[in-house]
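All heavy atoms count here, side chains included; hydrogens, waters and symmetry mates do not.
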Amino acid sequence: MKLIKSTIALAVGLVTSSAFANDTITIEDIPKIQSVGQTAVDPEGELVAFTRSVPRELYIDANGTNYSELYVVDDKGVERPFITGKVSVRSIQWSADGDFIYFLTKKKTDKFTSLYRIAANGGESQKVLSLNGTSISSYKLNPNGKQVAILAMPAKDKTEKELKKLGFMAEVYELGLKNKQLHLVDLVQSEKALKPAAVEIEGYVSDINFSDEGDKLLVKTQPTALIDDKYMKSQWHVMDVASQKITTSFKTEGKLGAAEFSYEGDYVAILGAEDKHDPATGRLYLGNAKTGEIEEWIPNFMGHIGDFEWANRRNTLNFVANVGAESFVGQIKVGSNKYKKIVKEGKLIASNLSVSDSDKTIVLRGNTDKHPNEVFMLRGKKTKRLSDSNDWLNDKRFAKQENISFKARDGVEIGGVLIYPLDYQEGKRYPLIMAVHGGPESHDKDGWLTSYSDPGQMGAARGYAVFYPNYRGSTGKGVDYSKLGQGDYAGKEFDDLVDMKNHLVEMGLVDSKRVGITGGSYGGYASAWGATKLTEHFAASVMFVGVTNQLSKFGTTDISNEMYLVHARSYPWEKWQWYLERSPIYWAGQSETPLLIMHGKDDPRVHPAQSMELYRYMKVQGKDVRLIYYPGEGHGNRKVAAQYDYSIRLMRWMDNYLIEGKKTMPTYEIDHAANLKAAKEAKK
């Protein structure tokens with residue numbers, strides 16, 4: 001691997017001086033990063049099954065998303081590989097007796113994704129069941145051990161395939177969509193693909209969850225398969241398993257997340273929104289399983305709940321809360337609005353809770369500023385890390401990272417996560433890359449912040465200060481704060497970015513003439529805005545899957561209703577000129593900021609034409625602009641080759657203008673052919 005790394009680095013023209021020594025994180029390290037995907041503790045609380053995301057090998061493996069392997073680790077941190085290699089394992093669940101781990105995968109012998117299991121003491125995996133003509137999307141095991149609930153799309157009619165071959169492929173947009181269906185099936189191994197009857201439920205079924213007794217099932221529905229309906233019109237119901245009838249429905253408004261029965265089945269915890277204008281599912285609700293009555297469990301919580309899992313005694317709920325740029329794990333009991341913290345802020349960024357039947361063990365996924373997501377175990381007051389997916393990171397040097405906050409020009413508290421340049425010297429000014437998160441109903445946390453599109457420690461090792469701004473409208477500070485940007489596209493929310501830049505300059509850290517901006521989706525919008533309307537503040541910009549024309553964006557996205565309710569709070573035809581003036585294309589003529597635009601060619605959220613529009617507006621006016629499309633990628637690059645290509649172009653653009661101080665665009669060519677040849681030679 002050392003040969004491949006050094007050869008590739010030279011081939012693509014990356015700097016290979018001592019500034020990027022082996023003890024720092026480089027572009028070549030990014031495609032090697034592995035991370036824990038899902039965690040599940042066994043009923044006894046002694047073993048943890050988890051999936052590990054493993055990138056494909058550059059220039060060797062066929063194009064595709066990361067592999068997902070299955071491992072089991074004990075409470076001492078001893079790992080055992082169960083299913084590894086070029087596999088895709090997901091949706092892991094333990095059997096009620098702890099003898100088996102169930103999962104979904106599609107093997108070479110399968111036509112569709114099927115349900116498998118593997119014994120907890122190892123051995124070969126066994127197919128449990130498959131459906132005729134369609135893949136299993138998701139499933140939940142009934143705690144009684146005799147039944148499984150399955151979600152799947154209806155099988156395609158053979159006639160459809162025949163007509164397609166004959167050229168009958170007309171698409172009626174947003175009509176004729178098929179709904180995902182619920183099936184209740186006996187948990188008995190079957191070599192024959194099943195054709196179970198779908199449970200009669202109106203609409204599209206998107207999620208399910210059994211009660212601990214197995215006699216009731218939570219069912220989440222939406223009117224149609226449209227993503228807009230999933231965001232804004234979902235609803236949770238209680239279904240009697242025996243009769244397959246809905247007995248209770250919870251009346252909620254706005255976005256809706258997970259739901260789970262309490263151990264006794266009397267209550268349901270639900271993650272939802274405060275109202276239809278709340279941009280995120282950060283409110284925790286407690287519902288009565290019999291009456292459907294529901295109330296906010298922690299009113300006026302100044303953060304956002306991210307995940308939860310009921311304890312198996314005492315009507316106690318464990319939950320993860322994100323507050324500011326940090327997170328904590330808390331517990332709360334039915335009948336009280338007060339919670340206690342069992343893992344305080346500053347330890348790790350937590351998610352994906354799993355609780356053993358005995359309540360002895362809580363398992364979670366966690367990351368810090370030194371490593372991506374790993375398996376953590378919580379017993380009593382002790383939190384222990386069990387996995388180490390990237391032991392090579394232990395030999396790397398990391399730049400200082402901290403959460404900062406201050407007042408914007410109008411007094412609103414803003415801030416973010418700052419990574420100092422590696423080997424930072426006080427009094428010296430450095431170039432800055434501002435990496436703006438999307439959403440904007442999201443926020444960057446003070447944990448692992450390095451990826452193919454986020455410079456993080458990679459940027460710090462190259463001599464940059466890297467800042468992740470949590471501008472107004474970000475989550476983590478309560479509902480009211482997350483609504484501050486509504487009805488004001490690119491207004492005070494992006495003025496915050498200028499205030500943040502100025503703050504870092506005033507700290508004596510940043511050279512005001514060498515500031516770059518980048519981000520994806522809404523962060524791409526910010527990057528385009530920074531290159532046009534706010535051009536005097538940014539010397540380079542890299543926009544990813546970003547918004548450039550708010551008028552055409554509304555007409556080409558799959559979330560127009562969500563945009564109206566939780567972002568714009570108006571329609572374009574109500575104020576055409578305002579929408580135009582909040583679009584980067586309107587300000588393209590004044591741009592003095594070199595702009596690199598990158599976009600997935602199959603993006604359903606922000607149409608690729610958004611990038612084409614700004615490119616054309618700037619190109620015709622003689623501006624420094626370049627457009628890169630990634631075929632087969634959507635709203636963000638998911639495949640390792642496209643990710644690697646992106647990283648090279650991002651850092652090359654920033655280096656060209658912010659470090660090397662050049663006035664012309666860098667070459668657009670990357671010698672992937674040389675890299676391919678080097679990789680093949682290294683394999684011999």
Side-chain angles (χ1 to χ4, degrees), residues 207-213 216-220 231-232 234-238 247-324 326-345 349-355 359 362 364 378 441 443 475-483 566:
D207 202 0
I208 46 178
N209 220 339
F210 275 107
S211 65
D212 282 85
E213 292 296 324
K216 292 177 286 188
L217 184 70
L218 283 167
V219 180
K220 188 181 183 184
Y231 279 166
M232 306 310 304
S234 292
Q235 187 174 18
W236 278 106
H237 315 271
V238 176
T247 60
T248 308
S249 296
F250 297 99
K251 293 183 179 180
T252 55
E253 186 180 54
K255 294 184 177 180
L256 202 56
E260 184 181 324
F261 282 108
S262 62
Y263 181 75
E264 292 81 4
D266 298 327
Y267 301 98
V268 176
I270 299 175
L271 203 57
E274 184 177 85
D275 53 43
K276 65 182 179 181
H277 300 303
D278 186 347
T281 57
R283 303 302 95 193
L284 179 62
Y285 288 91
L286 182 64
N288 186 302
K290 292 183 179 179
T291 66
E293 294 179 359
I294 188 171
E295 62 180 355
E296 191 170 355
W297 202 344
I298 311 177
N300 303 313
F301 181 65
M302 299 305 288
H304 282 76
I305 308 298
D307 189 27
F308 58 79
E309 185 85 8
W310 284 97
N312 296 297
R313 302 288 185 274
R314 305 182 305 279
N315 279 331
T316 300
L317 187 79
N318 304 289
F319 65 92
V320 173
N322 297 308
V323 179
E326 298 180 325
S327 72
F328 70 83
V329 181
Q331 285 184 338
I332 189 169
K333 292 183 178 181
V334 173
S336 173
N337 298 127
K338 296 182 179 180
Y339 56 84
K340 68 175 182 178
K341 298 177 182 179
I342 57 176
V343 179
K344 294 183 178 180
E345 297 93 336
I349 303 300
S351 60
N352 193 209
L353 290 177
S354 179
V355 183
D359 287 331
I362 298 175
L364 52 86
L378 173 61
E441 64 274 25
H443 68 281
T475 51
K477 294 184 178 181
V479 176
D480 288 346
Y481 191 90
S482 70
K483 290 182 176 180
V566 306

Identify the heavy atoms of [X] and [Y] that sit nearest to each other, and give their distance.
{"X": "F261", "Y": "N209", "answer": "CE1-O, 3.9 Å"}
{"X": "E274", "Y": "K483", "answer": "OE1-NZ, 4.0 Å"}
{"X": "D307", "Y": "S351", "answer": "OD2-C, 4.1 Å"}
{"X": "A289", "Y": "G265", "answer": "CB-O, 3.4 Å"}
{"X": "L286", "Y": "Y267", "answer": "CD1-CB, 3.7 Å"}
{"X": "V479", "Y": "R283", "answer": "CG2-NE, 3.3 Å"}

Is it the case that the side chain of [X] and the backbone of [Y] share a donor-acceptor pair, with hydrogens and angles ignored and the cut-off at 3.5 Å?
{"X": "S211", "Y": "K216", "value": "yes"}
{"X": "N288", "Y": "E293", "value": "no"}
{"X": "H237", "Y": "S249", "value": "no"}

Candidate pair V329 and I342, rule side chain to side chain contact (heavy atoms under 4.5 Å, CB included), full reasoning: CA-CA 6 Å; V329 181; I342 57 176; 3.7 Å; yes
Test: E441 and K255 ion pair at under 4.0 Å: yes
pair N337-P299: side-chain heavy atoms closer than 4.5 Å: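 Yes; the side chains approach each other to less than 4.5 Å.
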Student check: side-chain heavy atoms of Y285 and I305 closer than 4.5 Å: no
Ring-ring centroid check F328 Y339, cutoff 6.0 Å: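 Yes: the rings meet the under 6.0 Å criterion.
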Contacts of type salt bridge (Lys or Arg N to Asp or Glu O under 4.0 Å), residue D480, not counting sequence neighbours: none
By salt bridge (Lys or Arg N to Asp or Glu O under 4.0 Å) - contacts of K477 (at least two apart):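 Testing K477 for salt bridge (Lys or Arg N to Asp or Glu O under 4.0 Å), a comparison that skips the adjacent residues, returns E413.
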Distance in Å, [X] [atom1] paired with [Y] [atom2], rounded so as to fall on 0.5 Å steps:
{"X": "L271", "Y": "L256", "atom1": "CG", "atom2": "CG", "answer": "8.0 Å"}
{"X": "L218", "Y": "F250", "atom1": "CG", "atom2": "CZ", "answer": "6.5 Å"}
{"X": "K290", "Y": "D266", "atom1": "NZ", "atom2": "CG", "answer": "6.0 Å"}
{"X": "E260", "Y": "L317", "atom1": "CD", "atom2": "CG", "answer": "7.5 Å"}
{"X": "N318", "Y": "E309", "atom1": "CG", "atom2": "CD", "answer": "8.0 Å"}
{"X": "W297", "Y": "I270", "atom1": "CH2", "atom2": "CD1", "answer": "11.0 Å"}

Flag for T475-H443: side-chain donor and acceptor within less than 3.5 Å: yes
Step-by-step side chain to side chain contact (heavy atoms under 4.5 Å, CB included) determination, V566 to Y231: CA-CA 11 Å; V566 306; Y231 279 166; over 6 Å; no
